[in-house]
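The structure under discussion appears below in the form of structure tokens.
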Amino acid sequence: MTQVPITLAEATEKAKELRIQLNQYSHEYYVADKPTVEDYVYDRLYQELSDIETEYPDLITSDSPTQRVGGKILQGFEKVTHEVQMYSLNDGFSKEDIYDFDERVQKLAGKQVGYCCELKIDGLAISLKYENGKFVQGATRGDGTVGENITENLKTVKSIPLELKKPISVEVRGECYMPKQSFVNLNKEREEAGQDVFANPRNAAAGSLRQLDTSMVAKRNLSTFLYTVADFGPMTAQTQFDALNELSEIGFRTNPEKKLCQNIDEVWAYIEEYHEKRSELPYEIDGIVIKTNEFTIQDELGFTVKAPRWAIAYKFPPEEAQTVVEEIEWT
Ligand SMILES: NC(=O)c1cnc(OC2CCCC2)nc1N
């Protein structure tokens, strides 16, 4: 047990200092993927904060790192109506589909347009709402109009900031996913415990977010990549590429592999590049998402009932079953 400051005033000051320091270390590790301290440094400061909060429970704040471990047992998930519909994507399966998409876009836009290309993360679409910089609501996509309130579960996902770098009110959307290695470890644990294993990381992420015991979610090492701004608040980006950078600046985790392509040939080259690199990535992708970069063009092209006209998802052919080469024990 570390020495707990004797006065409430000292404890209040020390708790605030520790929260800021721990949240910074957590951002570096879980959002920026650039940790600057060893785990034991984090753990020691965490223990100090936890001791102070145990001594002075009134000092616990919603953005304290101690709140990430969950521990609530939920009765169920309330419904949430998305003010801005969460659209799905039209799919393309061939080079021809992608070139046809480009032809349609150029015809509608009346000019050559640039595209923002993003890896298509194979997870679960989520929506995150912030008021004055504080995380206030997290929800699943559901049918695009009505989803489920999974705020308590998403609070345990370390890459989701509980407080933004600016006290702004925005709604953002992205993918919650389980890294490949976490999926392998989880299935190994489940197999050893005689439980059913998950078929793929996407199902494992979905199953984890449906847990009613939030401490279970905290242990599943889920992560996120954010890619859409539904309510811009004071955000100023005028293109998708800039929006991704702005999301990162205010504290969200975004995927670093994005590329701004000047024409569809560059888009196709990007698709081939990441079809090659797919197996090396620490998370599963099932394709590439191609979006017209300028928001003015997106506004011009608009949406069909279910999907934007200004985007298409190129789906990779299903991965050949990985032939696992068993290590032959040579006697
Ligand atoms: N799974 C993904 O990685 C992904 C999915 N969707 C989108 O954008 C859609 C969202 C609504 C209109 C375009 N982008 C992505 N990167």
Side-chain angles (χ1 to χ4, degrees), residues 82-93 98 101 104-105 108 113-129 139-145 147 157 159-160 170-180 200-206 209 222-232 237 239-248 252-261 267 270-271 273-275 277-278 281-316:
H82 301 298
E83 280 133 53
V84 177
Q85 181 176 332
M86 288 184 74
Y87 287 94
S88 53
L89 284 160
N90 290 317
D91 292 339
F93 300 93
I98 300 307
F101 164 73
R104 285 196 303 278
V105 164
L108 287 170
V113 298
Y115 293 104
C116 181
C117 291
E118 301 163 26
L119 302 186
K120 188 169 182 300
I121 311 303
D122 195 4
L124 206 76
I126 56 170
S127 178
L128 307 175
K129 267 188 178 170
T140 63
R141 178 179 174 280
D143 63 5
T145 303
V157 178
S159 62
I160 292 177
V170 291
E171 179 178 350
V172 298
R173 281 121 185 228
E175 210 80 4
C176 183
Y177 71 92
M178 184 179 289
K180 287 176 182 172
N200 54 54
R202 190 202 170 288
N203 288 7
L209 287 174
L222 296 175
S223 190
T224 56
F225 287 120
L226 279 300
Y227 47 67
T228 293
V229 183
D231 176 353
F232 272 81
T239 70
Q240 175 62 13
F241 195 81
D242 290 348
L244 290 168
N245 288 330
E246 204 170 1
L247 282 169
S248 179
F252 293 107
R253 188 157 184 266
T254 61
N255 190 274
E257 312 299 340
K258 66 180 183 293
K259 184 172 177 8
L260 186 51
C261 295
V267 169
Y270 178 87
I271 286 173
E273 177 187 357
Y274 279 93
H275 195 183
K277 290 181 177 175
R278 182 184 189 186
L281 295 167
Y283 43 84
E284 288 214 341
I285 61 171
D286 59 344
I288 300 295
V289 184
I290 302 141
K291 305 170 184 177
T292 60
N293 191 43
E294 287 85 5
F295 288 151
T296 49
I297 302 290
Q298 294 186 8
D299 296 342
E300 238 178 271
L301 271 53
F303 297 81
T304 65
V305 171
K306 79 172 188 81
R309 291 191 189 86
W310 42 265
I312 191 168
Y314 174 78
K315 305 283 283 205
F316 292 137

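Index from 1, following the sequence. Atoms within a ligand are numbered from 1 in the order they appear, just like the ligands themselves.
The N/O atoms of Ser88, backbone and side chain alike, include none that comes under 3.5 Å of an N/O atom in ligand 1. Of the N or O atoms in Ile121, one or more lie within a sub-3.5 Å distance of an N or O in ligand 1. Checking only distances, Tyr87 never comes within under 3.5 Å of ligand 1, N or O to N or O.
Distances from atom 5 (C) of ligand 1 to the heavy atoms of Tyr227, Phe225, Tyr177 show the closest one on Tyr227. Across Lys120, Arg173, Lys291, heavy-atom proximity to atom 14 (N) of ligand 1 is greatest for Lys291.
Closest to atom 13 (C) of ligand 1 among all protein heavy atoms lies Leu89 CD2, 3.7 Å. Looking at atom 10 (C) of ligand 1, its nearest protein heavy atom turns out to be Thr228 OG1, 4.0 Å. If you check which protein heavy atom lies closest to atom 16 (N) of ligand 1, you get Glu118 OE1, 3.0 Å.
Atom numbering of ligand 1 starts at 1 in the shown order; those under 4.0 Å from a heavy atom of Leu119 are 3 (O), 16 (N). Each of the atoms 1 (N), 2 (C) of ligand 1 lies under 4.0 Å from some heavy atom of Glu175.
The pair Lys259-Glu257 does not count as a salt bridge, with every side-chain nitrogen at least 4.0 angstrom from each carboxylate oxygen.
For the residue pair Tyr283 and Asn255, a side-chain donor N or O sits within less than 3.5 Å of a side-chain acceptor on the partner.
Every residue two or more places apart in sequence or in another chain was checked for a side chain to side chain donor-acceptor pair (under 3.5 Å) with Lys306, and none qualifies. Not counting sequence neighbours, the partners of Tyr87 by the side chain to side chain contact (heavy atoms under 4.5 Å, CB included) test are Gln85, Phe303, Pro308.
Ring-plane geometry between Tyr314 and Phe316 is classed as perpendicular, the angle between the planes exceeding 60 degrees on a 0 to 90 degree scale with a lower cut at 30. Between Phe101 and Tyr115, the two ring planes are tilted [angle within 30° to 60°].
Here the CG-NZ distance, from Leu119 to Lys258, works out to 11.0 Å after rounding to the nearest 0.5 Å.
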